[in-house]
Protein chains: 2
Amino acid sequence: MSTGSDQQDIKREKILEAAYQRFLHYGYSKTTMNEIAGDLSLSKALLYYYFPDKSQLYIAVMRKLAGEYIQDLENKLNTFVNLKEAFVSQIDTQHNFIVKNYNFFDFFRVNEQNLPDTIWEIITEIHQTEMVLLSAAIKTEADKGNIKPVDNPEQIVDLLLDALHGVRVSAVSHKKVMFPQKEHLDEIHTKRLLLLDIFIKGLMY
Amino acid sequence: MSTGSDQQDIKREKILEAAYQRFLHYGYSKTTMNEIAGDLSLSKALLYYYFPDKSQLYIAVMRKLAGEYIQDLENKLNTFVNLKEAFVSQIDTQHNFIVKNYNFFDFFRVNEQNLPDTIWEIITEIHQTEMVLLSAAIKTEADKGNIKPVDNPEQIVDLLLDALHGVRVSAVSHKKVMFPQKEHLDEIHTKRLLLLDIFIKGLMY
DNA sequence: TTTTGATAATTTTGTTTAAATAGTCAGTTT
DNA sequence: AAACTGACTATTTAAACAAAATTATCAAAA
C-alpha cells in the first residue's frame, strides 16, 4: 500500500500522534499547524510535505482511530457467548470510543451537515464492520436455534443500532446538555440493556 | 383562566394565526413584528399590547400548536384496537405534526442548546401526554393478557419512544440531509413498524 | 530526499458605521 | 377605561473595511 520509506512512515506516525493530541485537547479549529509542528520541534512546512493540508491531516488521524476501533471491535466480537453479550460488547466499545475521543469530534459538530466525503466514507466503513460482525452473530444464534430464523440479519442489526442510538440522542437532547454527564451515562447504559433485552426477546420464538 | 374579554381573545387568536403563518413560512428570524401587524392591518404597537415581546408571541403560538397536537393524539388514542395500532397512531400523529410545522421549528435549530425554559416545559408536556396515553395502552393490554404484566409501563414507553426517535435521527444523519426526503419518509416508517413489531413481541410471553 | 525560512494567499477577528428591527410611550379613538 | 396608533428610542443585525492570525507555497539548504 504505502510507497514511502520506513523513516517516512515513522515520521508520519509521529505527526499523526502529535496532531491527535492537539485535536483531542483543543479541537480542530483551536489547533494550529504551527503548534503541531512546534510540539515535534519541526517546521510547519514539513507538515505540508507529509500531508496536503490541515483537513487531510485531521482525516488521516480519524482514519487511524477508526482502524483501531474496528480492530478493537473485531477482537471482542470474535468470541461471544450469546447475542446479548455480543451487542453489549458493541455498545461498550462504541461508548468508550466516543467518550475517549469526544473533543476530537468537534470537527463533526462544527461542520455538521457538510462533512467531507472522506469522513463519511470512514463512518460508513465503521458502520459496515459493525453490521458484518453483528449480523454474523445473529446468524450464528439463529443457526444454533436460540432465536427465530432471520431472513435479513443486516436489516435487524441496522434497526437495533438505530434504536440504541436513539437512547443516547434522547437522553442528551432532553437534558439540555451537549454531552451526557456521568450520571446520564449509567442511565443510557441501563436503558440500552433493557432495550436489548426486549428486542432480543422479540427475536425469539 | 383568561381574564380578558371575548373581543380580546378573538384578536389574540387572530394575531396568533397571522404570526403562525409567518413563522411557518419564513421562520422565526425572518419574520418581523411589522409584517405580522401588516398582515392584520394593525400597528406593530398593538402586538406589544397583546404580547410582551416577539419570543413570547412565538411561544404562545407554540403552546397553541402543542395543545392541538395533544388533542389530536388523545382523540386517536382514546380508542385503539391493539398495542401496535396505538403506537402506530402516535408515530403517525407525531410525524404529521413535525412535517406540517417543519419551518416553524427553525427557532429550535437556531437556538439549539439554549432554548427558553418555557419551550422546554411545552416539550415536556407533550412528552408527558404521550407517556400517559401510551403507558395506559400498555397497561390495558397487559390487563387483557395480550402481553406480559409490566411493572413499569412508563419506563417501557419511554424506551420505545427513544428507540423510535433513533430510527428517524439515524436516517437523517446518515444521508447528509437535514430533513428526510419523501423517499426516506417511507423508509423510516417501515423501519419503525418493524421495530414496533419486534419490540411488542419482546413484551409478550 | 528531507527540511526550512521567507513569503504569499486566505481566513478569522475586531472595529466602525449604517440600516433594520425590536420595543416604548404619550396621547388619540372607541 | 380599553383598544389602539404614530412617533420615538434602544438593540440587533449587516456591511465594509483594516489588522491579525493562520493556512499554504516555494526556492533553496542540509
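Order of the sequence lines fixes the chain letters, A, B, ..., with proteins taken first and strands second; residue numbering starts at 1 for each chain.
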Asks: Touch check for Ser29(B), heavy atoms < 4.0 angstrom, all strands: base, sugar-phosphate only, or nothing?
Replies: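 No contact.
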
Asks: For Thr93(A), what residues pass the side-chain contact (heavy atoms from CB on, under 4.5 Å) criterion, not counting sequence neighbours?
Replies: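 So Thr93(A) forms a side-chain contact (heavy atoms from CB on, under 4.5 Å) with Tyr69(A), Asp72(A), Leu73(A), Lys76(A).
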
Asks: Considering the options Lys191(A), Lys84(A), Arg192(A), which one meets the salt bridge (Lys or Arg N to Asp or Glu O under 4.0 Å) requirement together with Asp197(A)?
Replies: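 Passing option: Lys84(A).
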
Asks: Does a side-chain N or O from Gln8(B) land closer than 4.0 Å to OP1 or OP2 of dA2(D), or not?
Replies: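 No, no such contact exists.
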
Asks: Asp53(A) and Ser55(A): side-chain donor and acceptor closer than 3.5 Å?
Replies: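 Yes - a donor-acceptor pair under 3.5 Å links their side chains.
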
Asks: List, one per line, each side-chain donor-acceptor pair under 3.5 Å for residues 56-63 of chain A, sequence neighbours excluded.
Replies:
residue: Tyr58(A); atom: OH; partner: Phe104(A); partner atom: O; Å: 2.7

Asks: Take atom OH of Tyr28(B) and atom C1' of dT12(D), then tell me their distance rounded to the nearest Å.
Replies: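 Going from Tyr28(B) (OH) to dT12(D) (C1'), I get 12 Å.
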
Asks: Taking CE from Met33(B) and P from dA7(D), how many angstroms apart are they, rounded to a whole number?
Replies: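 From Met33(B) CE to dA7(D) P: 20 Å.
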
Asks: With sequence neighbours left out, write down each residue that passes side-chain hydrogen bond (donor to acceptor under 3.5 Å, both in side chains) with Glu17(B), or none if nothing qualifies.
Replies: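 Residues passing side-chain hydrogen bond (donor to acceptor under 3.5 Å, both in side chains) with Glu17(B): Gln21(B).
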
Asks: Under a 3.5 Å cutoff, is there a donor and acceptor pairing between the side chains of Tyr20(B) and Asn101(B)?
Replies: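 On atom types as modelled, these side chains qualify, holding a pair under 3.5 Å.
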
Asks: To the nearest angstrom, how far is Ile36(A) atom CD1 from dT23(D) atom C1'?
Replies: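 Rounded to whole Å, this separation is 12 Å.
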
Asks: In residues 40-59 of chain A, which residues come under 4.0 Å of DNA chain C by heavy atom?
Replies: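 Hits under 4.0 Å, by residue number: Leu42(A), Ser43(A), Ala45(A), Leu46(A), Tyr49(A), Tyr50(A).
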
Asks: Can you check whether Asp92(A)'s main-chain N or O pairs, donor with acceptor, with Asn96(A)'s side chain at less than 3.5 Å?
Replies: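 Flag set: sc Asn96(A) to bb Asp92(A) pair under 3.5 Å.
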
Asks: Who are the side-chain hydrogen bond (donor to acceptor under 3.5 Å, both in side chains) partners of Lys14(A), not counting sequence neighbours?
Replies: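 Once residues adjacent in sequence are excluded, Lys14(A) has no partner under the side-chain hydrogen bond (donor to acceptor under 3.5 Å, both in side chains) criterion.
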
Asks: Under 4.0 Å from any heavy atom of chain B: name the first and the last nucleotide of DNA chain C that qualifies, 5' to 3'.
Replies: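 Contacts span dT21(C) to dC25(C), reading 5' to 3'.
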
